[in-house]
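Presented below is the structure to which this report refers.
Naming convention: chains lettered A, B, ... in sequence-line order (proteins, then strands); numbering from 1 in each chain.
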2 protein chains.
Amino acid sequence: MPETPDAKPVGAGRQLLFLREEELRLAQDLLFFGYRDFTAGPDALLAELGMGRAHHRVLHFVGRRPGITVGDLLAILGITKQSLGRVLTPLVEEGYVVQTPGRNDRRQRLLSLTEAGQALERRLFERQKEWVMRAYREAGPVSVEGFRRVMRGLMGEDARTQLDRALPETRPVPPGGAGSRKVA
Amino acid sequence: MPETPDAKPVGAGRQLLFLREEELRLAQDLLFFGYRDFTAGPDALLAELGMGRAHHRVLHFVGRRPGITVGDLLAILGITKQSLGRVLTPLVEEGYVVQTPGRNDRRQRLLSLTEAGQALERRLFERQKEWVMRAYREAGPVSVEGFRRVMRGLMGEDARTQLDRALPETRPVPPGGAGSRKVA
DNA sequence: CCGTTTGGTCAGATTTGTTGACATATTATT
DNA sequence: AATAATATGTCAACAAATCTGACCAAACGG
């Protein structure tokens with residue numbers, strides 16, 4: 001918390017206020033341009049397949065949490081089930097995503113990627129990976145850590161909770177193999 | 001540049017690769033959630049006025065570069081003039097933006113915000129300002145600098161150029177006051 | 001058995017983007 | 001002066017991704 005410039009010389013206060021405002025407008029610019037160009041690579045690839053960004057998001061989050069329920073996916077994406085349906089149904093029909101009934105609760109349709117789904121998600125990921133790695137390399141590890149902290153701060157409470165649940169604790173690679181599939 | 005782990009023990013290499021991939025997937029998550037929540041505040045306000053995010057972008061960039069030409073705005077936004085038209089025309093009709101013919105080239109319609117436009121843009125900005133300031137405060141100045149560097153790295157060449165042209169060099173406040181209104 | 005939850009679906013609307021074709025005014029070139 | 005190029009606007013049709021509202025079916029749970 002820097003000074004609240006009320007008793008300060010007026011010129012300096014003005015300058016500080018100006019800088020703060022300019023700083024924040026710059027943040028707006030950076031987020032607009034950065035996010036747009038961050039998504040440009042996958043967008044191009046998706047367009048060739050007759051898909052859009054919404055499909056990518058589903059592939060991404062299903063890939064991230066295999067066996068996720070429709071309800072949880074809806075909560076993460078923050079959209080209605082009708083909107084999700086129009087993207088998810090084609091993905092299932094075209095063999096990118098499978099739905100298996102939950103064995104505790106058979107109303108649930110647990111979602112996971114097929115081989116084709118994993119392959120497609122990977123192709124999309126690779127594009128973004130190259131792009132992000134370039135930015136990370138140019139900026140250096142300290143900046144990357146700062147980037148992560150600020151981005152996390154830009155998230156609302158709900159999103160933070162979801163992110164933490166999605167990534168329990170940078171789970172280390174299970175040395176034995178694919179053995180630790182508990183809970184659900 | 002960190003090590004390029006080619007001659008390293010295999011286990012460590014695996015681990016590094018895993019972390020790198022997980023790191024990058026985390027970046028995807030952060031950008032998705034962060035950008036969404038970053039825009040949520042203005043979106044809500046805009047909805048009340050029957051406008052959308054596209055209107056905000058026009059108000060933002062016109063406010064940032066008063067007197068900008070339609071062509072330059074199109075280049076910044078990266079959309080077609082038809083798309084811009086459907087957002088810009090209402091903004092002009094409702095008195096948020098004015099078009100004044102360029103005095104060098106009278107084909108141009110130089111865009112700037114009216115008083116009402118400035119007021120609206122400010123209301124939108126204030127919401128985002130609070131949000132970003134919270135994130136900035138929580139993260140601290142070093143992280144903010146890192147955030148800026150990474151975001152800039154995520155931008156493509158064109159966007160970087162435009163950003164630099166938009167903000168010639170953190171122009172200092174003209175000490176005389178509001179006297180530098182030339183051009184139009 | 002009955003109410004709730006989980007998920008799906010149909011229908012219609014909105015916002016924001018796209019192409020393509022043309023029109024108008026103004027500037028630049030020949 | 002005639003012609004070409006540029007800056008902008010506009011009409012029409014279309015697509016992607018969201019929304020709301022209504023309704024249905026299967027399965028769970030008391």
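- Judged by atom type and distance alone, A:Gln99 does not reach the base of C:dG7 through any side-chain donor-acceptor pair under 3.5 Å.
- Counting to the nearest Å, the C1' atom of D:dG9 and the CG atom of B:Leu91 are 16 Å from each other.
- Regarding A:Asp72, its CG atom lies at a distance of 10 Å from the P atom of C:dT6, rounded to whole Å.
- Counting distance only, with no hydrogens placed and no angle test, the side-chain atoms of B:Gln82 and the base atoms of C:dG20 include a donor-acceptor pair under 3.5 Å.
- One can place CD of B:Gln108 at 11 Å from P of D:dG9, the figure rounded to the nearest angstrom.
- Rounded to a whole Å, the CG atom of B:Leu111 is 14 Å from the P atom of D:dA7.
- Rounded to a whole Å, the CZ atom of B:Arg86 is 14 Å from the C1' atom of D:dG9.
- Using a 3.5 Å distance cut-off with no hydrogens or angles, the side chains of A:His60 and B:Asp29 do pair a donor with an acceptor.
- The phosphate of C:dT15 has neither OP1 nor OP2 within less than 4.0 Å of any side-chain N or O from B:His55.
- Judged by distance alone, the side chain of A:Gln162 and the main-chain N or O of A:Ala75 form a donor-acceptor pair under 3.5 Å.
- A:Arg106 has no side-chain polar atom (N or O) that falls below the 4.0 Å cut-off from OP1 or OP2 of D:dG29.
- Between A:Tyr35 and A:Phe38, the angle of the ring planes lies from 30° to 60°, which puts this pair in the tilted group.
- Checking side-chain atoms of B:Glu145 against main-chain N and O of A:Ser143 turns up no donor-acceptor pair under 3.5 Å.
- For B:Arg109, taking side-chain heavy atoms from C-beta onward, the closest of the listed nucleotides C:dT19, C:dG7, D:dG9 is D:dG9.
- Remark: the B:Arg107 side chain and the D:dT8 base include no donor-acceptor N/O pair separated by less than 3.5 Å.
- Side-chain nitrogen and oxygen atoms of A:Thr80 include at least one within less than 4.0 Å of the OP1 or OP2 phosphate oxygen of D:dC19.
- For the pair B:Leu74 CG and D:dG9 P, the computed distance is 9 Å after rounding to whole Å.
- Here A:Gly50 lies out of heavy-atom contact (under 4.0 Å) with every strand.
- Using a 4.0 Å heavy-atom criterion, one finds that B:Gly85 contacts no nucleic acid atom at all.
- Taking side-chain N and O atoms only, A:Thr89 has no distance below 4.0 Å to OP1 or OP2 of C:dG8.
- Ring pair A:Tyr136/A:Phe147 is perpendicular by interplanar angle, where above 60° counts as perpendicular and below 30° as parallel.
- Put simply, CG on B:Leu84 is 14 Å from C1' on C:dT18, counting in whole angstrom units.
- Between the P atom of C:dG17 and the NZ atom of B:Lys81 lies a distance of 17 Å, rounded to the nearest Å.
- Using a 4.0 Å heavy-atom distance criterion, A:Gly102 is classed as making no nucleic acid contact.
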